[in-house]
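A quick note: this is a predicted structure, and the numbers were derived from the prediction, not measured. Chain naming here is simple, since letters A, B, ... match the order of the sequence lines and numbering starts at 1 in each.
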Number of protein chains: 2
Amino acid sequence: MADINFSTSSPDPDSRPGAARSPAPGQTNLRWDIIELLFFAYRDFVGDADTELEAFGFGRAHHRVLHFVHRYPGLKVADLLNVLRITKQSLGRVLKQLLDEDYIVQRTGNNDRRQRLLYATAKGEALVGKLAGLQTDRINHALSGIAPDGVETVRHFLRAMIDHDDPDKVLATILEAGGATAKDKA
Amino acid sequence: MADINFSTSSPDPDSRPGAARSPAPGQTNLRWDIIELLFFAYRDFVGDADTELEAFGFGRAHHRVLHFVHRYPGLKVADLLNVLRITKQSLGRVLKQLLDEDYIVQRTGNNDRRQRLLYATAKGEALVGKLAGLQTDRINHALSGIAPDGVETVRHFLRAMIDHDDPDKVLATILEAGGATAKDKA
DNA sequence: AAGATACGTCAATATGGCTGACATAAATTT
DNA sequence: AAATTTATGTCAGCCATATTGACGTATCTT
């Protein structure tokens, strides 16, 4: 391996490994900029909620569960597992806490009594609403100065970033169906 | 199969806490749709790399380190800590692996010999390029059908989602400076 | 009655984060 | 020259969140 001898301020291009791009086969133009922007944007986006959650003794996992239960009232445990892509065991602990502390309630399904349908309580709604408020502030800030059709472009982009081919994804299917959510339809 | 059968069991509206929205104080319109799209988009976006990384025995943390070292050759450890917002100890473990397995090399700074400047090796470049290729494919797919100025809108949105107020963020500053990266400038 | 499904739980383990404390070398300040 | 600060590394231990595998129970389906 070549030694990379150059000063801090003026790197020697010859021995700088970064000088020669090694793109994936068939790739010439990699989207470094957008890859990086996505990282930073998401980091700061979830950072808003993370900070707030600490005061409640909750983590990001709790937020995700509460969010989707709020958005899709009556969600089954199995649905939640599909959406969050975690295991039953991981979900179990988080969900138990949310149930114990009255952020979420379970109701036995009427059609299928094996099911435990999940609903956010008023307490849960308040928390998830507060968190969504923080994130909405950031989104609104980011969208200010973007025309309405530009906002639609952003939505289109984000929607197209999501896997469509995966039949497991219950919620993605709903999202694609015109952007209406279960809650919107209700 | 799994279904979002929120209406299947026809929950009792009276006992359904989700019936009443409880938006954060002062907020009327929360951006539920974009919040959710960001979650799914990012989940699938990083999923591409995560799958590939498993074959190398690496995790997401390794990818992030390798990515930024590749993008900003000669990055200091302290810079990396700021960017990734993790502690020295957490970074240490991951970085050590990448050094031991020759994905990254360290060089003592010429100006300040305390510094360990980081560079990706050819091996590291190859891996990070491969991962970026996967993510670029997804991004290109998502951007297909979006006009050039629409792509600029997406970039603008993502950039505006990032915290600007934080002076610690070495790289964010660079990103804001017209979108040129350290690597682009070199 | 038999089998599949939805859910819960136990046990063990890995990863990636954290804090606090301490060590060393090198730069900077006094 | 001595003292202090800075950049980095490391040790020890803790926590949150994820994993797989196995098993139990209630309930629906065939």
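- When distances are taken from the side chain of A/Thr87 to each of C/dG17, C/dC18, D/dT19, the shortest belongs to D/dT19.
- Here the P atom of nucleotide C/dC7 and the CZ atom of A/Arg107 are 15 Å apart, to the nearest Å.
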Practice prompt. Classify every nucleotide of nucleotides 23-30 of chain C by which part a protein heavy atom approaches to under 4.0 Å, writing B for the base, S for the sugar-phosphate alone and - for neither, in 5'-to-3' order.
Written response: ---BS---
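- Atom CG of A/Leu80 is separated from atom P of C/dA6 by 15 Å (rounded to the nearest Å).
- Nearest heavy atom pair, residue A/Ile146 against residue A/Val151, reads CG2-N, 3.5 Å.
- When rounded to the nearest whole Å, the span between CZ of B/Arg93 and C1' of D/dC14 equals 11 Å.
- Atom C1' of nucleotide D/dT19 and atom CG of A/Leu81 are separated by 14 Å, given to the nearest angstrom.
- Closest to the A/Ile86 side chain, of the nucleotides C/dT19, D/dA18, C/dG16, is D/dA18.
- Taking each heavy atom of B/Gly74 and B/Tyr119 in turn, the nearest pair found is N-CE2, 3.1 Å.
- Across the interface with DNA chain D, nearest-nucleotide mapping of B/Gly92 and A/Val94 shows B/Gly92 to be the residue nearer the 5′ end.
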Worksheet item: Please walk me through it: do B/Glu152 and B/Arg155 pass side chain to side chain contact (heavy atoms under 4.5 Å, CB included)?
Response: CA-CA 5 Å; B/Glu152 209 40 56; B/Arg155 253 193 212 95; 3.0 Å; yes
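- One atom, CZ of A/Arg60, and another, C1' of C/dC18, lie 14 Å apart when rounded to the nearest Å.
- A/Arg85 has a carboxylate O that lies under 4.0 Å from a charged side-chain N of B/Asp44, or vice versa, which qualifies the two as a salt bridge.
- Atom-to-atom, CG of A/Leu99 to C1' of C/dT9 comes out at 15 Å; the value is rounded to the nearest Å.
- When distances are taken from the side chain of B/Ser90 to each of C/dA11, C/dG17, C/dT19, the shortest belongs to C/dG17.
- Within the 3.5 Å criterion, the main-chain N or O of B/Arg116 finds no donor-acceptor partner in the side chain of B/Thr108.
- Counting only heavy atoms from C-beta on, B/Gln89 has its side chain closest to C/dG20 among C/dC7, C/dG20, D/dA18.
- Nearer to the 5' terminus of DNA chain D, by closest-nucleotide assignment, is the contact made by B/Lys96 (compared with the other of A/Leu91 and B/Lys96).
- Counting any heavy atom pair closer than 4.0 Å across all strands shown, A/Gln106 reaches sugar-phosphate atoms only and no base atom.
- Here the side chain of B/Thr136 pairs a donor or acceptor atom with the backbone of B/Ala132 at under 3.5 angstrom.
- Using a 4.0 Å heavy-atom criterion, one finds that B/Gly59 contacts the sugar-phosphate atoms exclusively.
- Rounded to an integer number of Å, the gap from A/Asp79 CG to C/dA6 P is 10 Å.
- Salt bridge status for B/Arg138 with A/Asp163: present, with a side-chain N to carboxylate O gap under 4.0 Å.
- Distances shorter than 4.0 Å separate some side-chain N or O of B/Arg64 from OP1 or OP2 on C/dG17.
- Atom P of nucleotide C/dG16 and atom CG of B/Leu95 are separated by 14 Å, given to the nearest angstrom.
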